[in-house]
Amino acid sequence: MLSLNVSRSLVVFILVLLLGSANAMAVTLEAHLQKQSTLLSNKQASLDGLQAQLRSCNESEVDARDRLDQAMADVVDARVKLESVDTQSATQRELAQRSLALAEQGLESRQARLHRIEKKRSRIQNAIVEHRSFIARQQTLVASLRKQVIRQAAQAQREQKLSALVPSIDEEAMSFAATGEIEVMTSAALAADIARSESPLTYVRQTPLLSQQQKEARAEMQRLRELTKQADRARPEHGQAFEVVVNRELNIDLEYWGEGQYYAEIPLSAGKHLLEILRHAFTVSVPEENANDTYVIIYDTNPQRDARFVLFNQSLLEG
């Protein structure tokens, strides 16, 4: 009778450990799935913005080529007029030369504009390729995690049903467990088996503590999602397009997310950087250990609130 009671108590003990392990693992998997799903959603939204930029860029390129063709025609006309002008008339020749110079300046301007548009389009296309590659990998990961969550939930349910079938521990078995006499019979061997086993019977959930910066960054992203979750991402007809100018060299468009919210992701090297949006300038210092990290920009232009400029390392959203 003693052996039976002790065995029952051990079975219950092991089942409780397994059930707790399954539940803890399910919670961890669900949290990881939520995190990866959020990253996927953010990247898909960013891809939508890039594709909208590409469409706008293609339209600008068509217009730029039309204007370039017209500028080239103007230069040809100006040269013909200069060659046909009366050589005896200094005034007419001076006017023709001035017209040619203006036409050539216009041509150079149109060529420079087309070059900028082509360069911007190439950058956007490269970013789209990178986004699509990331999204494909992320979709595979999320699908795998969902299957794991479903399997883990089913396992936890099975173990819960199994634990309900085990008889309750009677007082005699409890008294032996309390006095430690249970070790004489089986506990020492069981402990040795557990130590040798690769399958854990206990599970300790380790929840990473968030730093203040992580909390603030995630709060900003949550605020952005809440403000724009039902917003129309098409920029208003008379709405202004914004771009951030990095060190007065690189222009990066800010994506319109609706409700006056603009978003961008930019890589920054180590050192100080000047970021400008219209007449507003911001100085950012990037430490060496964060060199070439991607930074998130959120620009709030809603007229019902004060303008807000937010910048933080994208890595703060991870982990």
Side-chain angles (χ1 to χ4, degrees), residues 31-54 119-142 145 206-225 227-228 242-257 261-278 280-301 307-319:
H32 189 44
L33 173 60
Q34 179 62 37
K35 171 194 166 186
Q36 298 303 326
S37 297
T38 300
L39 287 176
L40 176 59
S41 178
N42 290 342
K43 212 65 174 181
Q44 286 175 328
S46 180
L47 176 61
D48 292 341
L50 286 171
Q51 290 173 330
Q53 289 183 44
L54 183 59
K119 187 176 179 180
K120 179 179 179 180
R121 183 185 62 181
S122 177
R123 178 180 60 80
I124 293 173
Q125 288 174 330
N126 290 337
I128 287 176
V129 171
E130 293 174 0
H131 275 58
R132 285 175 174 166
S133 177
F134 176 91
I135 288 172
R137 295 193 304 270
Q138 197 69 6
Q139 286 174 333
T140 301
L141 174 60
V142 168
L145 285 173
Q206 296 180 349
T207 303
L209 297 177
L210 297 180
S211 68
Q212 185 61 31
Q213 289 182 328
Q214 286 177 309
K215 292 178 181 178
E216 292 174 357
R218 296 178 186 204
E220 290 293 345
M221 283 304 301
Q222 181 64 27
R223 177 181 182 275
L224 177 63
R225 283 193 288 266
L227 286 173
T228 61
F242 289 95
E243 62 181 11
V244 57
V245 182
V246 183
N247 299 324
R248 297 183 177 173
E249 295 177 351
L250 177 63
N251 293 41
I252 297 178
D253 290 336
L254 293 170
E255 303 169 19
Y256 184 65
W257 280 33
Q261 306 300 306
Y262 290 82
Y263 177 91
E265 297 175 4
I266 62 172
L268 292 176
S269 58
K272 288 189 176 181
H273 299 276
L274 177 65
L275 307 181
E276 296 175 283
I277 302 177
L278 295 180
H280 302 287
F282 310 91
T283 301
V284 178
S285 295
V286 177
E288 191 67 37
E289 60 268 24
N290 298 123
N292 301 317
D293 283 2
T294 298
Y295 286 79
V296 171
I297 290 177
I298 301 174
Y299 191 53
D300 185 347
T301 66
R308 296 177 72 250
F309 176 87
V310 177
L311 182 139
F312 56 84
N313 195 316
Q314 191 180 52
S315 64
L316 294 174
L317 301 176
E318 303 171 359

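In this text the structure is predicted, and so the values were computed from the model without any measurement.
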Task: Side-chain heavy atoms of I298 within contact of M221, under 4.5 Å - done: yes
Task: Atom pair CG/CZ of L54 and R123 - distance to nearest 0.5 Å - done: 11.0 Å
TODO: Please step through side-chain contact (heavy atoms from CB on, under 4.5 Å) for the pair R223 and L227, ending with a clear verdict.
DONE: CA-CA 6 Å; R223 177 181 182 275; L227 286 173; 3.6 Å; yes
Open item on the list: Does any part of the side chain of K43, heavy atoms only, come nearer than 4.5 Å to the side chain of Q139, both counted from C-beta?
Closed with: no
Task: Spacing of D300 atom CG and L224 atom CG [to the nearest 0.5 Å] - done: 9.0 Å
TODO: Flag the pair H273 / Y295 as yes when at least one side-chain heavy-atom distance between them is below 4.5 Å, and no otherwise.
DONE: no
- [ ] Please check if the side chain of T38 supplies one atom and the backbone of Q34 the other of a donor-acceptor pair under 3.5 Å.
- [x] yes
Task: Crowding at CD, Q213 (>12 non-hydrogen neighbours, <6.0 Å) - done: no
- [ ] Identify the two heavy atoms, one from A270 and one from P287, that lie closest to each other, and give their separation to 0.1 Å.
- [x] CB-O, 4.0 Å
Open item on the list: Are the side chains of K120 and D253 in contact, using a 4.5 Å heavy-atom criterion?
Closed with: yes
Open item on the list: Within the 4.5 Å heavy-atom criterion, are I128 and Q51 side-chain neighbours or not?
Closed with: yes
- [ ] Check A264 against L254 and note the closest heavy-atom contact, atom names and distance.
- [x] CB-CD2, 3.4 Å
Open item on the list: Restricting to non-hydrogen atoms, name the atom on A45 and the atom on E255 that form the minimum distance, rounded to 0.1 Å.
Closed with: O-OE1, 4.0 Å
- [ ] Can you see which heavy atom on L316 is nearest to which on A217, and at what distance?
- [x] CB-CB, 3.7 Å
Task: Flag side-chain contact, heavy atom, 4.5 Å: L274 against V246 - done: no
Task: E288, CD: over 12 other non-hydrogen atoms inside 6.0 angstrom - done: no
- [ ] Supply the atom-to-atom distance H131 NE2 to E265 CD, rounded to the nearest 0.5 angstrom.
- [x] 5.5 Å
Task: Expected output: side-chain R218 to main-chain E318 donor-acceptor under 3.5 Å - done: yes
Task: Pair R225-N42, side-chain contact (heavy atoms from CB on, under 4.5 Å): steps then yes or no - done: CA-CA 10 Å; R225 283 193 288 266; N42 290 342; 3.6 Å; yes
Task: Close side-chain approach of V244 and F282, heavy atoms under 4.5 Å - done: no
- [ ] Examine distances only and state if a side-chain atom of N313 and a backbone atom of S315 form a donor-acceptor pair shorter than 3.5 Å.
- [x] yes
Open item on the list: To the closest 0.5 Å, what do you measure between CD (Q214) and CG (L317)?
Closed with: 9.0 Å
Open item on the list: Pair F312, E220 - check side-chain contact (heavy atoms from CB on, under 4.5 Å), show working.
Closed with: CA-CA 9 Å; F312 56 84; E220 290 293 345; 4.1 Å; yes
- [ ] Would you give the length of the straight line joining atom CZ of R121 to atom CG of N126, rounded to the nearest 0.5 angstrom?
- [x] 11.0 Å
- [ ] Output the distance between atom CZ (F309) and atom NE2 (H280), rounded to the nearest 0.5 Å.
- [x] 11.0 Å
TODO: Would you check if I252 and I297 make a side-chain contact, meaning some heavy-atom pair closer than 4.5 Å?
DONE: no
Task: Donor-acceptor pair, side chain of Q44 and main chain of I135, under 3.5 angstrom - done: no
